[in-house]
Amino acid sequence: MPELPEVETMRRGIAPILGLRIDSVVFPRGRCRPISVQPSTAAVIKGMRGGEFSAVHRFGKRVALELAAATAAERMYLVIEPRMTGLLLVAPPPTQEHVRLEIAFSDSISPQLIFWDRRGLGTLRLLDAAGLDAACGPGRLGPDGLVIGPDDLRARLGRSRRAIKVALLDQQAVAGIGNIYAAEILFRVGIDPRTPCDRLRAESWEAIATTTRDLLATAVEMEGSTIGDETYRTADNRPGRFQLLHQVYGREGSHCRACGGSIVRIVQAQRATFYCPACQPRQPGRRRKERSSGGAPGRKTVG
DNA sequence: CGTTCAACCTGGGCGC
DNA sequence: TGCGCCCAGGTTGAAC
């Protein structure tokens, strides 16, 4: 679940553990399969115990905890990728069973840091600076969604034939957008999610970039989106509030809050897309053999 | 280059 | 009640 706003909220929420001495690092052996830990659980324990975290960064949908070191060359980072169900907590976890990592600090008053992940698709990596750059640097991730500019977005996607919804999920184009926010962004700019990128005009890219920044910033302020029960929670175990502002995601068959029409669900690249056909009309076909049969810019059901 | 599919996992919800 | 199926916020790699 966690996309940029949720991961940013996690990043901010675990700040209380910065500067505390790492007393113990435990990978509980649950009944379920272990998550991916690189280079190994033993190496992670050895690399962290006795140290302290000096900063916490976010790269797209990943959190990187920086370990204090005498020199930059020795500096290591614990990179956490929550994927679908991972949570970073400084509060008691939803269940004990899916606690994947537990870090305790010598100051007994302070909370533990817990990585909890029901499905276990999340990953943990202990990386040096070069490894961090390879995993999260500009070669791997595009500009962050909170600061993406229209020119950058257009330069990266403007010539692509991919559908705009699918392209917005490409982390190399722009980092941090996931399935929820891609749908919400496109609703707010009134663009059909199936529109090929190379058919969007400059003003559309402008609108998409501006809306992406604004919407993600608002979602961060509202501490992300919590849908259903055992999903995303803040680091201190509270639900986010941005789901209250969702206009299309998860609302198939419901009335569009803008026009009263019906929200539709389609599948693109094996993932659900929600949109309002009335508020997000098909682009008038630029550069495509258009057989104006009726006259009105009516649609032909294509797929 | 782009799409499609399977895989990685657990668990909730639904129809029968 | 139980079983089987579909669904889920993400990412990756192989096959076409």
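Just the heavy atoms: all of them, side chains too, but no hydrogens, waters or symmetry mates, feed the values below. The sequence lines fix the lettering, A, B, ..., with proteins before strands; numbering per chain opens at 1. Since this is a predicted model, take the numbers as computed values, not measurements.
Within the structure, no pair that satisfies the salt bridge (Lys or Arg N to Asp or Glu O under 4.0 Å) test touches residues 243-261 of chain A, not counting sequence neighbours. Sorted by first then second residue, the ring pair (Phe, Tyr, Trp, His ring centres under 6.0 Å) pairs that include residues 118-141 of chain A, not counting sequence neighbours, number zero. Listed by first and then second residue, the ring pair (Phe, Tyr, Trp, His ring centres under 6.0 Å) pairs involving residues 33-70 of chain A amount to none (not counting sequence neighbours). Pairs engaging residues 68-78 of chain A under the salt bridge (Lys or Arg N to Asp or Glu O under 4.0 Å) rule: A:Glu66-A:Arg75 [sequence neighbours left out]. Every pair passing salt bridge (Lys or Arg N to Asp or Glu O under 4.0 Å) that includes a residue from residues 157-166 of chain A is listed here, sequence neighbours excluded: A:Arg162-A:Asp170.
Atom name P, nucleotides B:dC5 and C:dC6: the rounded distance is 14 Å, in whole Å. Comparing the P positions of B:dA6 and C:dC5 gives an interatomic distance of 15 Å, to the nearest angstrom.
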Just the atom pairs and distances: protein N or O near nucleotides 11-14 of chain C's N or O, under 3.5 Å.
residue	atom	partner	partner atom	Å
C:dT11	OP2	A:Lys61	NZ	2.9
C:dT12	OP1	A:Arg140	NH2	3.4

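Atom CD in A:Glu223 sits about 17 Å away from atom C1' in C:dG9, given to the nearest Å. Taking atom CG of A:Leu4 as the reference point, atom P of C:dG10 lies 12 Å away to the nearest angstrom. One interatomic measurement links the two molecules: CG of A:Leu87 to C1' of B:dT10, which rounds to 14 Å at whole-angstrom precision. Atom P of nucleotide B:dG12 and atom CD1 of A:Ile227 are separated by 17 Å, given to the nearest angstrom. One interatomic measurement links the two molecules: OH of A:Tyr232 to P of C:dG10, which rounds to 14 Å at whole-angstrom precision. When the P atom of C:dG9 is taken as reference, atom CZ of A:Arg119 falls 9 Å away, rounded to whole Å. With rounding to whole Å, A:Ile180 atom CD1 is found 14 Å from C:dC7 atom C1'. Atoms CE (A:Met84) and C1' (C:dA8) sit 5 Å apart, rounded to a whole Å.
Residue A:Arg118 places no side-chain N or O under 4.0 Å from the OP1 or OP2 atom of C:dG10. For A:His98, no side-chain nitrogen or oxygen approaches OP1 or OP2 of B:dC9 to under 4.0 Å.
Among the protein residues, A:Gly178 comes within range of the sugar-phosphate backbone only, with heavy atoms under 4.0 Å from sugar or phosphate atoms but none that close to a base. Contacts of A:Tyr249 with the nucleic acid, taken as non-hydrogen atoms under 4.0 Å apart, involve only primed sugar atoms and P, OP1 or OP2.
Residues satisfying the side-chain hydrogen bond (donor to acceptor under 3.5 Å, both in side chains) criterion with A:Arg241, sequence neighbours excluded, are A:Glu223. Judged as a side-chain hydrogen bond (donor to acceptor under 3.5 Å, both in side chains), and not counting sequence neighbours, A:Arg119 has no contacts. Residues passing the side-chain hydrogen bond (donor to acceptor under 3.5 Å, both in side chains) test with A:Asp152, sequence neighbours excluded: A:Arg156.
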Please list every donor-acceptor pair under 3.5 Å in which a side-chain atom of residues 182-191 of chain A meets a protein atom from a residue at least two apart or in another chain.
residue	atom	partner	partner atom	Å
A:Glu184	OE1	A:Arg188	NH2	2.6
A:Glu184	OE1	A:Gln247	N	2.8
A:Glu184	OE2	A:Gln247	N	3.2
A:Glu184	OE2	A:Val248	N	3.0
A:Glu184	OE2	A:Tyr249	N	2.8
A:Arg188	NE	A:Glu184	O	3.2
A:Arg188	NH2	A:Leu245	O	3.0

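No side-chain donor-acceptor contact under 3.5 Å links A:Arg29 to the backbone of A:Pro34.
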Response to the item:
B/S/- along nucleotides 1-6 of chain B (protein heavy atoms under 4.0 Å) is -SSBB-
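With a cut-off of 3.5 Å on both pairing distances, the Watson-Crick and G-U wobble pairs of DNA chain B assemble into stems of 3 or more at B:2-8 with C:10-16, B:10-16 with C:2-8.
Nearest heavy-atom pair across A:Thr195 and A:Asp192 is OG1-O, 2.7 Å.
In this structure, A:Phe242 and A:Tyr181 have tilted ring planes: the angle between them lies in the 30° to 60° band.
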